[in-house]
Structures are given as C-alpha cells and as structure tokens.
2 protein chains.
Amino acid sequence: MPDNLLPVISIRSLHEVNCSECALHPVCLPPAVDETDLDQLESIIERRRTLPRGTPLFRQGDAFQSLYAVRSGAIKTCLTPPDGAEHITGFYLPGEIVGLDSLGRTHHGSSAMALESSTVCAIPFAQLETLALKLPGLQHHLFKLLSAEIHSDQQLLLLLGKRSAEARITAFLLAVATRHKRRQLSENHFHLPMSRTDIGNHLGLAIETVSRVLTRLQQTGVLEVDGKDIRILDRERLCQLAEPAAENTDGAGINVRKLS
Amino acid sequence: MPDNLLPVISIRSLHEVNCSECALHPVCLPPAVDETDLDQLESIIERRRTLPRGTPLFRQGDAFQSLYAVRSGAIKTCLTPPDGAEHITGFYLPGEIVGLDSLGRTHHGSSAMALESSTVCAIPFAQLETLALKLPGLQHHLFKLLSAEIHSDQQLLLLLGKRSAEARITAFLLAVATRHKRRQLSENHFHLPMSRTDIGNHLGLAIETVSRVLTRLQQTGVLEVDGKDIRILDRERLCQLAEPAAENTDGAGINVRKLS
DNA sequence: CGCCAAGTTGAACACCATCAATATTTGTGG
DNA sequence: CCACAAATATTGATGGTGTTCAACTTGGCG
C-alpha cells in the first residue's frame with residue numbers, strides 16, 4: 001500500500017484527528033506538554049463528539065467526568081440557581097476548555113450547551129489528574145487554565161459591577177475579537193455564535209438594550225452589524241467606549257498610598 | 001529542661017504555630033494531605049506575617065511568589081483596570097486562601113490588602129507545586145480550591161447580573177454568615193470587617209444604596225445593625241429576600257427540554 | 001475640643017428594564 | 001420554491017430602581 005494514500009489521512013482528520021494534527025494545536029492543551037509526552041496526553045483524550053445545536057454537553061448536577069476541548073462551534077455554560085433564572089457564565093470557542101469550574105468536584109456546578117452545531121474532545125479528568133502528577137508541565141498548565149478562568153470571570157465581574165450597558169457590550173465584542181485573533185482569524189470581522197438573548201443574559205442586560213446599543217454603534221460608524229455578523233470599523237473608538245476614562249479615582253483602597 | 005515548660009510553647013503558638021496546632025486546621029489546607037505528609041507541607045510554609053490595617057499583601061503586577069492563608073483579620077482583593085476605578089473581587093476570612101487567581105502566572109493579576117490588623121501564612125508556590133506532584137491529595141485539593149474560587153466568582157456574577165440591590169446585600173450577608181459558621185462561630189451574629197464603601201464596591205452598588213438597604217432591613221426586623229455588627233433576627237425572611245422567586249423562567253436555554 | 005473619615009438621610013435625575021407593537025429571520029411543510 | 005408559523009430581533013413609550021448630588025450626623029483620634 002503506497003504511503004501517499006491521502007484519503008485515509010483525510011478520513012482520520014475528520015473523525016479522529018490526534019492533537020499533533022489538529023489545527024487548534026497551538027491554542028489548546030498540547031503546548032503544555034513536551035513533544036515527547038504528547039502521545040501520553042493523546043492516549044487519554046477521547047475521540048471527538050458531535051453536538052447538534054442546542055444539545056447539552058453536561059448538566060448542573062451531573063457527575064463530573066471530563067473536561068471538554070471545543071474543536072468547532074461554540075458552547076455556553078449556565079448557572080441555574082434554585083429559583084430557575086439562569087445565568088450564562090461563559091461562552092467557549094474552538095481551542096478553549098469547558099468544565100474547569102467543576103474540576104476537583106464530584107458533580108458539575110453548571111450546565112453546558114452547544115450554541116451551534118459543535119464538536120468537542122472529551123478529556124477524562126481522573127486520567128488527566130494522574131497524568132498531571134507525572135508531567136509537571138501539564139500540572140502547571142492546568143493551574144494556568146484555572147487561573148485564566150478566574151481572571152475572565154473577574155473581568156466580567158468588573159463589567160457587571162461598574163460599567164454601563166455600552167461599555168459592557170463593547171468590551172464583550174473586543175474580547176470575542178481577541179479570541180478570534182488567537183485562532184489566526186480576523187479580529188475585525190467575525191460571527192457571533194450566540195443570540196442577543198444570550199448576550200443580554202451574560203452581560204446582565206435586557207435584550208432590548210443589547211439591540212439598541214448595537215444599533216447605536218452602527219449608526220455612529222463604530223461597527224457594521226448584520227445580524228450575528230460583526231465588523232469593527234473604528235477600533236480605537238470601540239476601545240474608548242469599553243474603558244471609560246475614570247475621573248473618579250474613588251478607590252477601593254483604604255490607603256491610597258501611591259506606589260512610589 | 002522539663003518538657004512542661006509551657007511559656008516556650010505559648011511563644012511558639014504566637015509566632016510560629018505549625019499547622020497541626022493551628023485552630024484553623026480543619027478549614028485550611030491540612031485536611032488535603034495525609035497526617036503523615038503534613039510535616040512536608042508545614043516545612044514549606046513560611047512563618048506567619050503580621051499586616052496592620054491597610055497594608056498591601058501584594059499588588060497587581062508584583063511577581064507571584066506565594067499563596068497566603070489568612071490566620072486572623074480579613075483581606076480584600078482588588079482588580080485595578082487601566083482607568084483606575086478599582087473593583088473588589090473578594091474578601092478573605094481566616095482559614096481562606098488568598099492569591100489563587102494568580103496561581104500558575106508569573107505576576108499577580110490583582111492586589112490584596114488587609115482590612116483590619118491581620119496575620120497570614122505564606123505558602124511559596126514553587127515549592128507547593130513541586131510538593132503537589134508528590135502528594136496526589138494535595139494536587140487534588142488545589143484543584144478543588146481553584147474551582148471553589150471560580151464558583152464563588154460565578155455566584156457573584158449571578159448576583160451582579162440578575163439581582164436587585166436588596167437581594168445582593170442579603171445574599172452577601174448570608175454568605176458571610178455561612179463562612180463564620182464554618183469556623184465554629186455564630187452564624188447569626190458577626191462583625192463585618194469591611195466598610196460600607198467596600199461592600200458597595202464589591203456588590204456593584206452605591207454606598208448610599210447599601211446604607212439604605214441595611215436601614216430598611218433593620219426597620220423591617222430582619223436584621224439588627226449596629227455599625228459593622230450584624231445580627232440576623234429573621235433568617236427565613238433573609239433567605240427569601242436573597243433568592244427572589246422566579247416567575248420568569250425565561251431561561252438561557254435554546255431548548256428548554258426539561259430533563260426527564 | 002475639634003477635625004476628618006465614614007455613614008446616614010433626602011431629593012432629583014438618569015439609565016436601563018419593562019411593556020407593547022412591529023419587523024425580520026429561521027425553520028417547516030406543502 | 002414558496003408560504004406560513006414560530007422564534008428572534010428591532011424600535012418606541014413609559015416607569016422604576018438605583019445613582020448622583022448634597023446636607024447632615026456620627027464616631028474615632030489627635
């Protein structure tokens with residue numbers, strides 16, 4: 001059998017791509033481990049799973065088994081308090097890891113659902129944890145992923161606690177743009193996988209407000225908005241809107257001793 | 001030298017208490033490791049440090065060296081975006097670990113400051129990380145601590161995104177009460193270590209709103225408020241206020257297929 | 001005793017939520 | 001491919017919750 005029999009490779013690439021062949025290689029888990037140890041990581045990662053739009057990946061209260069790396073599509077995670085009003089805690093794009101908030105727990109503390117037709121790789125946590133004991137780089141990377149998750153939550157806290165509707169939405173768009181750039185895609189023209197309702201829920205705004213702000217940004221020539229298609233026309237202005245100048249240095253500080 | 005020379009022991013207990021003797025033993029790190037390995041953990045923990053009120057423990061941008069276990073007092077952590085308006089991301093009470101959000105990073109992503117005269121134990125992270133490779137229980141516990149941190153941030157997100165001023169404050173008070181109970185202290189009568197300004201900043205409310213809500217809760221007989229001293233008089237009512245019934249099951253769900 | 005920081009209380013306004021109507025897109029079946 | 005229904009998004013009018021501005025009170029500390 002000639003070793004240039006390409007079809008075999010492309011079928012593999014559709015169904016069982018291993019990490020070293022995956023296009024998301026540079027933004028996913030692999031950079032965390034040595035080339036030489038990559039096969040150990042690959043050996044525990046389960047063949048990817050396909051999720052039609054709207055399919056739950058896991059639900060709050062489910063036993064925690066795996067982390068999931070998003071390969072294509074997009075996932076949202078929701079927190080459902082007893083009273084039923086859900087809150088979307090995050091959106092996950094290709095190359096990002098879903099489920100970190102449940103790591104180390106027995107059960108999932110949130111639910112995850114595909115926003116559009118998506119594929120994910122499952123990473124069984126029990127095996128990952130064991131492997132992390134052997135591979136210091138992997139353990140370290142897991143810590144980094146977790147602290148990154150905390151940071152993104154804290155950025156959102158800041159947004160919800162202190163910013164106007166306009167600032168929340170512009171900051172959100174810029175964050176999505178940055179994550180697109182990370183995958184070598186355009187940072188000025190992208191498709192939002194989530195609905196206006198989802199954006200509003202995530203940012204603590206009414207859907208009407210989201211709609212109005214987007215319209216206004218379009219009218220002022222900052223954006224071009226076509227449904228879920230967004231094009232950034234005036235990035236500088238967008239950044240200004242996302243981080244309103246702070247005349248008020250009220251400060252959460254007890255002592256506002258400027259650091260010398 | 002007689003081994004019942006108590007003064008020596010009590011001096012130790014003031015300045016260098018080791019974990020096994022520490023009153024916070026059950027709520028801090030030690031439960032994570034086997035009795036037999038506790039000395040390994042203790043050997044890397046630095047002698048406790050005293051912080052007068054208002055002293056920074058670390059500042060955003062400082063090199064990340066250590067985690068800190070709060071022994072006494074209280075610590076707040078702040079995020080300072082470029083524009084200067086700080087946001088308090090969390091409060092840390094005795095037995096809790098500060099600095100987890102920077103774990104795995106080279107620099108601190110937030111600042112920490114003592115709210116009142118406090119003492120902390122420093123846990124050098126480089127050594128902790130190495131130790132975690134040898135002690136599976138410790139690694140697992142670190143993961144748990146990180147996911148708990150994420151959870152508390154997400155609870156706050158929910159609060160800031162969806163709840164009224166009254167619900168934010170009542171939920172906040174209940175959370176503080178729960179953390180007191182964890183330390184075997186009264187869950188119905190406690191002292192808030194932070195100012196109204198800090199509470200407002202943390203919950204995304206104006207200080208005046210905090211004041212008004214507390215006054216109202218006092219007038220309706222739910223609380224007794226005396227400055228920073230809080231006494232819960234009607235816990236049931238307080239819980240009701242913290243989780244307003246949800247008529248609107250609007251749902252962040254694409255498919256609201258009830259789980260069968 | 002007097003100063004300054006922190007907290008309380010009141011009045012007016014602003015931002016955003018809500019309600020309501022319309023428009024647009026998506027999905028489905030003829 | 002078109003027509004229809006359902007879901008989603010847009011736009012307008014109105015009102016409420018919480019912010020802002022301001023005056024005043026209280027408490028800690030020299």
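Throughout, a chain's letter reflects where its sequence line sits, starting with A, and its residues are numbered from 1.
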Yes or no on ring pair (Phe, Tyr, Trp, His ring centres under 6.0 Å) for B/His107 and B/Phe64, after CA distance, side-chain angles and deciding distance?
CA-CA 5 Å; B/His107 297 269; B/Phe64 171 63; 9.8 Å; no
Contact under 4.0 Å: B/Thr209 side-chain N or O vs D/dG18 OP1/OP2
no
B/Arg212 has an atom CZ; how far is it from atom P of C/dA11, in whole Å?
11 Å
Length of the line joining B/Leu223:CG and C/dT8:P, which is rounded to integer Å
12 Å
Separation of D/dT10 atom P from A/Gln219 atom CD, nearest Å, is 12 Å
Which residues, if any, of residues 154-168 of chain B bring a heavy atom under 4.0 Å of DNA chain C?
none
A/Ile169 CD1 to C/dC16 C1': how many Å, rounded?
11 Å
Which of the following nucleotides, D/dT11, C/dG7, D/dA9, is nearest to the side chain of B/Thr197?
C/dG7
Under 4.0 Å, counting only non-hydrogen atoms across every strand here, what does B/Ser195 touch: a base, just sugar-phosphate, or nothing?
sugar-phosphate
Exercise: do A/Glu86 and A/Thr80 side chains pair donor with acceptor under 3.5 Å:
yes
Whole angstrom value for the distance that separates C1' of C/dA17 from CG of A/Leu203
15 Å
Is any NZ, NE, NH1 or NH2 atom of the basic residue among A/Arg216 and A/Glu166 found under 4.0 Å from an Asp or Glu carboxylate oxygen of the other?
yes
Testing the 3.5 Å rule here: is there a donor-acceptor pair between the side chains of A/Ser147 and B/Asp101?
no
Tell me, yes or no, whether the heavy-atom count around A/Lys228 atom NZ, taken from other residues, nucleotides or ligands under 6.0 Å, exceeds 12.
yes
Which atoms form the tightest heavy-atom contact between B/Cys121 and B/Arg71, and what is the distance?
SG-CD, 3.3 Å
With a non-hydrogen cut-off below 4.0 angstrom, is A/Leu205 in contact with a base, only sugar-phosphate, or nothing?
sugar-phosphate
Starting from the first five and the last five pairs of the helix from C/dC1-D/dG30 to C/dG30-D/dC1, work out the angle between the resulting helix axes, to 10 degrees.
40°
Hey, does A/Gly204 reach any base, or is it just sugar-phosphate, or nothing, if we go heavy atoms under 4.0 Å?
sugar-phosphate
Find the distance A/Leu115:CG to D/dT8:P and express it as a whole number of Å.
12 Å
What is the distance, rounded to the nearest whole Å, between atom CZ of B/Arg53 and atom P of D/dC29?
9 Å
Can you tell which of D/dC21, D/dT11, C/dT18 lies closest to the side chain of A/Thr215?
D/dT11
Looking at B/Glu187 and B/Arg182, is any side-chain nitrogen of the basic one under 4.0 Å from a carboxylate oxygen of the acidic one?
no
Under the side chain to side chain donor-acceptor pair (under 3.5 Å) rule, collect the residues that match up with A/Asp229, sequence neighbours excluded.
A/His189, A/His191
For A/Thr119 and A/Ser72, does a side-chain donor sit closer than 3.5 Å to a side-chain acceptor?
yes
Of the listed nucleotides (D/dT20, C/dT9, D/dA9), which one gets closest to any side-chain atom of A/Ser211?
D/dA9
Between P of C/dT25 and CE of A/Met194, the distance in whole Å
20 Å
Is there a side-chain contact between B/Phe91 and B/Leu115 in this structure, where contact means two heavy atoms from C-beta onward sitting under 4.5 Å apart?
yes
Please tell me which of the listed nucleotides, D/dT19, C/dG7, D/dC21, lies nearest to the side chain of B/Lys228?
C/dG7
